Trainee: 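The structure that follows is given in the form of structure tokens.
We number each residue from 1, following the sequence as shown. Treat the numbers as computed from the prediction; the structure is a model and nothing was measured.
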Amino acid sequence: MSAPDNAPSPQLFFETINAFQKSAALKAAVDLNLFAAIGDAPATATEIAERCQCPLRGIRILADNLTILGFLTKADGHYSLTPSSAVFLLPQSPAYMGGAVKFLLAPGLTEAFSDLASTIRLGRLHTTEHGTTAPDHPAWVEFARAMGPMMVPTSQGAAALLTLDDSRDTRVLDISSSHGAYGIAVVLKNPRTHLVALDWEAVLAVTEENARAAGIANRFSKIVGDAFTVDLGSGYDVVLVPNFLHHFNLEDCTRFLKRVHAALRPGGKVLIVEFVPNDDRVTPPPAAGFSLVMLGTTPEGDAYTFAEYERMLAEAGFKEATLHPLPPTMQSAVVAVA
Ligand SMILES: C[S@@+](CC[C@H](N)C(=O)[O-])C[C@H]1O[C@@H](n2cnc3c(N)ncnc32)[C@H](O)[C@@H]1O
């Protein structure tokens, strides 16, 4: 006789309290190049161990655990990549995500979660005053180098939402340009568009490198400094605000959107990309759960609902705010007209 669905179980407790071990297993596999060692042909633990140049025991235990987690399959003692692992974890794949481990498990980020109770009790971060909102925070250079490939599907989905007038020269401002994926995707689709990228100085060096690599160096310029205080310029057709507003409180987001409104030409558009939870703030889980990242790493950030974006945008002078999910990613775009 099986237990009823609502029978008390300690399973969730153990899964959650030990979740750091899952991260450690995945990080080890990326560090050891285990996914590449399997590649497209099923391999035994002995073969994988030889290719990774490691003793057998550790590789066998790691490969079994990756199978339990769903990153590998195992049949007749041979391990294979799942379709998702082949796309996202083989270093030669254009959608490779392994580089993101460097940012997502960087000590600065994991330490921020080492005493979340203190952060909650104190009402401020237990590690530093400003967290990742500090000027020139070094984590953002790592982010720009590591996270670009992960942003490709979201940036292409966002670029597809914009139609720029191709009968004249147009200008797009990318706030928090980072790896540059968002701005570059728009410019590659629109041959008469010039991209202005804004971020901290060291981060902009990465944006510039990627703009050059994309072949748009002659349609690219930079604004260095704090997006809240630096001169943004004016007359833009589009201002991109991807993954920036969640770092700040509602009042500061609204204040910032007023600056964006002033920088746009009449009828120009702001395009925000964010994790946007439903009004209940617990669904869908990947978007709603992002608020915990902001609790751990910023003094006042959050994951805002569409209703909250609508209010901020209206207060900043925008009209016609619309929400656009960006599948297959877990993010959404909010577009509004100046
Ligand atoms: C989460 S990343 C988002 C990067 C990119 N827009 C994306 O969606 O992948 C946040 C970015 O905001 C930049 N940033 C944070 N605070 C800033 C500020 N006050 N002024 C300018 N850039 C800032 C960081 O350097 C970083 O590149």
Trainee: Running the 4.5 Å side-chain criterion over Ile, Leu, Val, Met, Phe, Trp and Tyr, what cluster does Val224 land in, apart from itself?
Mentor: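 Members other than Val224 - counting any ILVMFWY side chain reachable under 4.5 Å - are Leu204.
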Trainee: For Leu62 and Leu34: C-alpha separation, side-chain torsions, deciding distance, then whether side-chain contact (heavy atoms from CB on, under 4.5 Å) applies.
Mentor: CA-CA 9 Å; Leu62 180 60; Leu34 180 140; 3.9 Å; yes
Trainee: Step through the shown structure and confirm whether more than 12 heavy atoms of other residues, nucleotides or ligands are within 6.0 Å of CD on Glu15.
Mentor: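 It does: Glu15 CD has more than 12 such atoms within range.
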Trainee: Apply side-chain contact (heavy atoms from CB on, under 4.5 Å) to Thr297 and Phe113, showing your working.
Mentor: CA-CA 8 Å; Thr297 59; Phe113 287 93; 3.9 Å; yes
Trainee: Kindly say whether Glu308 contributes a backbone atom to a donor-acceptor pair with the side chain of Thr305 at under 3.5 angstrom?
Mentor: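 Confirmed, Thr305 side chain pairs with Glu308 backbone.
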Trainee: When you compare the side chain of Thr73 with that of Thr82, does any pair of heavy atoms fall below 4.5 Å?
Mentor: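 The answer is yes, as the side chains (C-beta and beyond) meet within the 4.5 Å cut-off.
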Trainee: To the nearest 0.5 angstrom, please state how far the OG1 atom of Thr193 sits from the CZ atom of Phe220.
Mentor: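 One finds 14.5 Å between OG1 of Thr193 and CZ of Phe220.
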Trainee: Within a 6.0 Å radius of atom CZ on Phe228, are there more than 12 heavy atoms belonging to other residues, nucleotides or ligands?
Mentor: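 Enclosed.
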Trainee: Got Ile59 and Leu32 here, is their nearest side-chain heavy-atom distance under 4.5 Å?
Mentor: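 Yes, at least one pair of side-chain atoms sits under 4.5 Å.
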Trainee: Output yes when a side-chain donor or acceptor of Arg51 lies under 3.5 Å from a complementary backbone atom of Ala36, and no otherwise.
Mentor: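 Judged by distance alone, no pair lies under 3.5 Å.
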Trainee: To check you understand the geometry: which heavy-atom pair defines the closest contact between Ser332 and Leu326, and what is its length?
Mentor: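 Heavy atoms only, the tightest pair is C-CD1, 3.9 Å.
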Trainee: Using 4.0 Å as the upper bound for N to carboxylate O, is an ion pair formed by Arg192 and Asp169?
Mentor: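 Result for this pair is yes, salt bridge flagged.
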Trainee: Without swapping roles, check the side chain of Asn278 against the backbone of Asp280 for a donor-acceptor pair under 3.5 Å.
Mentor: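 Such a contact is absent between Asn278 side chain and Asp280 backbone.
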Trainee: Would you kindly confirm whether Val141 and Leu109 end up in one hydrophobic cluster when ILVMFWY residues are joined by side chain heavy atoms under 4.5 Å apart?
Mentor: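 Same cluster.
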Trainee: If you measure from CG on Asp226 to CG on Asp199, what distance do you get to the nearest 0.5 Å?
Mentor: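 If we round to the nearest 0.5 Å, Asp226:CG and Asp199:CG are 10.5 Å apart.
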Trainee: Between Pro42 and Glu47, what is the shortest heavy-atom contact and its length?
Mentor: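 Smallest interatomic distance, heavy atoms only, reads O-OE1, 4.3 Å.
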Trainee: Tell me if a side-chain donor or acceptor on Asp76 pairs with a main-chain N or O of His78 at a distance below 3.5 Å.
Mentor: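 Not confirmed, Asp76 side chain does not pair with His78 backbone.
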Trainee: Quick one, Lys74 and Asp64 - any side-chain contact, counting heavy atoms below 4.5 Å?
Mentor: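 Result yes, sub-4.5 Å side-chain heavy-atom pair found.
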Trainee: Under a 3.5 Å distance rule, please check whether Thr16 uses its side chain to pair with a backbone N or O of Phe13 as donor and acceptor.
Mentor: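 Looks like no, no N/O pair under 3.5 Å.
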Trainee: For Val230, does its backbone N or O pair with a side-chain atom of Arg259 as donor and acceptor, under 3.5 Å?
Mentor: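 Yes.
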Trainee: Heavy-atom count check: over 12 atoms from other residues, nucleotides or ligands less than 6.0 Å from Lys27 NZ?
Mentor: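 Result for NZ/Lys27: open.
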Trainee: Can you confirm whether Phe256 sits close enough to Val241 that some side-chain heavy atom of one is under 4.5 Å from a side-chain heavy atom of the other?
Mentor: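 Yes, close enough: below the 4.5 Å cut-off.
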Trainee: Is Met294 reachable from Leu245 through a run of I, L, V, M, F, W or Y residues, each pair having side-chain heavy atoms under 4.5 Å apart?
Mentor: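 Each belongs to a different hydrophobic cluster.
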Trainee: By side chain to side chain contact (heavy atoms under 4.5 Å, CB included), which residues pair with Val337, not counting sequence neighbours?
Mentor: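 By the side chain to side chain contact (heavy atoms under 4.5 Å, CB included) rule, Val337 matches Lys269, Lys319, Glu320.
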Trainee: Is there a side-chain contact (heavy atoms from CB on, under 4.5 Å) between Leu257 and Ile272 once you walk through the steps?
Mentor: CA-CA 10 Å; Leu257 288 170; Ile272 297 164; 4.2 Å; yes
Trainee: State plainly whether one hydrophobic cluster holds both Val172 and Met151, where clusters connect Ile, Leu, Val, Met, Phe, Trp and Tyr through side-chain heavy atoms under 4.5 angstrom apart.
Mentor: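 Result: yes, single cluster for both.
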Trainee: Output all residues satisfying ring pair (Phe, Tyr, Trp, His ring centres under 6.0 Å) with His246, sequence neighbours left out; order by chain, then residue number.
Mentor: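 So His246 forms a ring pair (Phe, Tyr, Trp, His ring centres under 6.0 Å) with Phe290.
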Trainee: Distance only, no hydrogens: is a donor on one side chain within 3.5 Å (strictly under) of an acceptor on the other, for His324 and Thr322?
Mentor: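 Looking only at side-chain atoms, Thr322 and His324 do form a donor-acceptor pair, the distance falling under 3.5 Å.
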Trainee: Using side-chain contact (heavy atoms from CB on, under 4.5 Å) as the criterion, point out the one residue from Leu161, Leu240, Leu271 that pairs with Val186.
Mentor: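 Between Val186 and the candidates, side-chain contact (heavy atoms from CB on, under 4.5 Å) is satisfied uniquely by Leu240.
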Trainee: If you count heavy atoms of other groups shown closer than 6.0 angstrom to CD of Gln92, is the number above 12?
Mentor: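 Yes, enclosed.
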Trainee: Would you find a donor on one side and an acceptor on the other, under 3.5 Å apart, between the side chain of Arg281 and the backbone of Ala303?
Mentor: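 At least one qualifying donor-acceptor pair exists.
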Trainee: Going by atom types alone, do Ser118 and Asp115 pair a side-chain donor with an acceptor below 3.5 Å?
Mentor: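 A donor-acceptor contact under 3.5 Å links the two side chains.
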Trainee: Any luck finding a side-chain donor-acceptor pair between Asn243 and Gln331 under 3.5 Å?
Mentor: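 A pair is found: one side chain offers a donor N or O, the other an acceptor, under 3.5 Å apart.
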Trainee: Hey, which of Leu164, Thr170, Ile216, Asp174 is the one that makes side-chain contact (heavy atoms from CB on, under 4.5 Å) with Val187?
Mentor: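 Exactly one option meets the side-chain contact (heavy atoms from CB on, under 4.5 Å) with Val187, and it is Ile216.
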Trainee: Please enumerate all residues that pass salt bridge (charged side-chain N to carboxylate O under 4.0 Å, His left out) together with Arg57, with sequence neighbours excluded.
Mentor: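 Applying salt bridge (charged side-chain N to carboxylate O under 4.0 Å, His left out) to Arg57 gives none.
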Trainee: I'd like to check the ring pair (Phe, Tyr, Trp, His ring centres under 6.0 Å) partners of Phe318; sequence neighbours left out, ordered by chain and number.
Mentor: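 Ring pair (Phe, Tyr, Trp, His ring centres under 6.0 Å) list for Phe318, sorted by chain: His261.
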Trainee: For the atom pair OG (Ser80) and CG (Asp40), what is the distance rounded to the nearest 0.5 Å?
Mentor: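 Those atoms lie 10.0 Å apart.
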Trainee: Can you name the closest pair of heavy atoms from Ser291 and Ala288 and give their distance?
Mentor: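 Answer, listing the atom of Ser291 first, then Ala288: OG-O, 3.0 Å.
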Trainee: Mind running side-chain contact (heavy atoms from CB on, under 4.5 Å) on Thr46 and Leu56 for me, showing each step along the way?
Mentor: CA-CA 6 Å; Thr46 306; Leu56 175 60; 4.0 Å; yes
Trainee: What pair of heavy atoms forms the shortest contact from Leu90 to Gly39, and how long is it?
Mentor: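 Looking at all heavy atoms of both residues, the closest pair is CD2-CA, 4.2 Å.
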Trainee: Quick one: do Arg212 and Glu208 satisfy salt bridge (Lys or Arg N to Asp or Glu O under 4.0 Å)? Show the steps, please.
Mentor: CA-CA 6 Å; Arg212 254 178 228 293; Glu208 189 162 22; 3.5 Å; yes
Trainee: Are Leu162 and Val273 connected in a single hydrophobic cluster, I mean Ile/Leu/Val/Met/Phe/Trp/Tyr linked by side-chain heavy atoms less than 4.5 Å apart?
Mentor: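 Val273 clusters together with Leu162.
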Trainee: Does the Ser176 side chain pair with the main chain of Pro242, one donor and one acceptor, at a distance under 3.5 Å?
Mentor: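 Side chain of Ser176 to backbone of Pro242, a donor-acceptor pair under 3.5 Å: yes, one is there.
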Trainee: Check for a donor-acceptor pair, side chain of Arg171 on one end and backbone N or O of Ser234 on the other, with a separation under 3.5 Å.
Mentor: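 Yes; at least one donor-acceptor contact below 3.5 Å.
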Trainee: Considering only heavy atoms from C-beta outward, does the side chain of His179 approach that of Met150 to under 4.5 Å?
Mentor: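 Side-chain contact under 4.5 Å: no.
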Trainee: Is any side-chain heavy atom of Leu72 closer than 4.5 Å to one of Leu81?
Mentor: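 When only atoms from C-beta onward are counted, Leu72 and Leu81 do touch, with a gap below 4.5 Å.
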Trainee: Side-chain contact test, heavy atoms from C-beta onward, threshold under 4.5 Å: evaluate it for Val203 versus Ser177 and give yes or no.
Mentor: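 They are not in contact (no side-chain heavy atoms under 4.5 Å apart), so the answer is no.
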Trainee: Any chance CD1 of Ile17 has more than 12 other-residue heavy atoms, nucleotides or ligands included, within less than 6.0 Å?
Mentor: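 Check fails, neighbour count at 12 or below.
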Trainee: Kindly give the heavy-atom pair with the smallest separation between Thr207 and Gly180, and that separation in Å.
Mentor: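 Result for this residue pair: CG2-CA, 3.8 Å.
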Trainee: Give a yes or no on whether Leu264 and Phe244 share a hydrophobic cluster (residues Ile, Leu, Val, Met, Phe, Trp, Tyr; joining criterion: side-chain heavy atoms under 4.5 Å apart).
Mentor: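 As far as the 4.5 Å side-chain criterion goes, Phe244 and Leu264 are connected within one cluster.
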Trainee: Give, for atom CG of Leu173 and atom NE2 of His194, the distance between the pair rounded to the nearest 0.5 Å.
Mentor: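 It comes to 10.5 Å.
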Trainee: Taking side chain as C-beta onward, heavy atoms only, is Phe248 less than 4.5 Å from Thr298?
Mentor: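 Result no, sub-4.5 Å side-chain heavy-atom pair not found.
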Trainee: Specify the closest pair of heavy atoms between Leu69 and Ala25, including all atoms of both residues, with the distance to one decimal.
Mentor: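 Closest approach of Leu69 to Ala25, heavy atoms only: CD1-CB, 4.5 Å.
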Trainee: What residues, two or more places apart in sequence or in another chain, satisfy ring pair (Phe, Tyr, Trp, His ring centres under 6.0 Å) together with His247?
Mentor: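 Per chain and number, His247 pairs via ring pair (Phe, Tyr, Trp, His ring centres under 6.0 Å) with Trp140.
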Trainee: Between Ser85 and Phe71 (side chain of the first, backbone of the second, donor and acceptor by atom type, cut-off under 3.5 Å), is there such a pair?
Mentor: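 Checking the backbone N and O of Phe71 against the side chain of Ser85, a donor-acceptor pair under 3.5 Å is found.
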Trainee: If you count heavy atoms of other groups shown closer than 6.0 angstrom to CG of Asn18, is the number above 12?
Mentor: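 Yes, enclosed.
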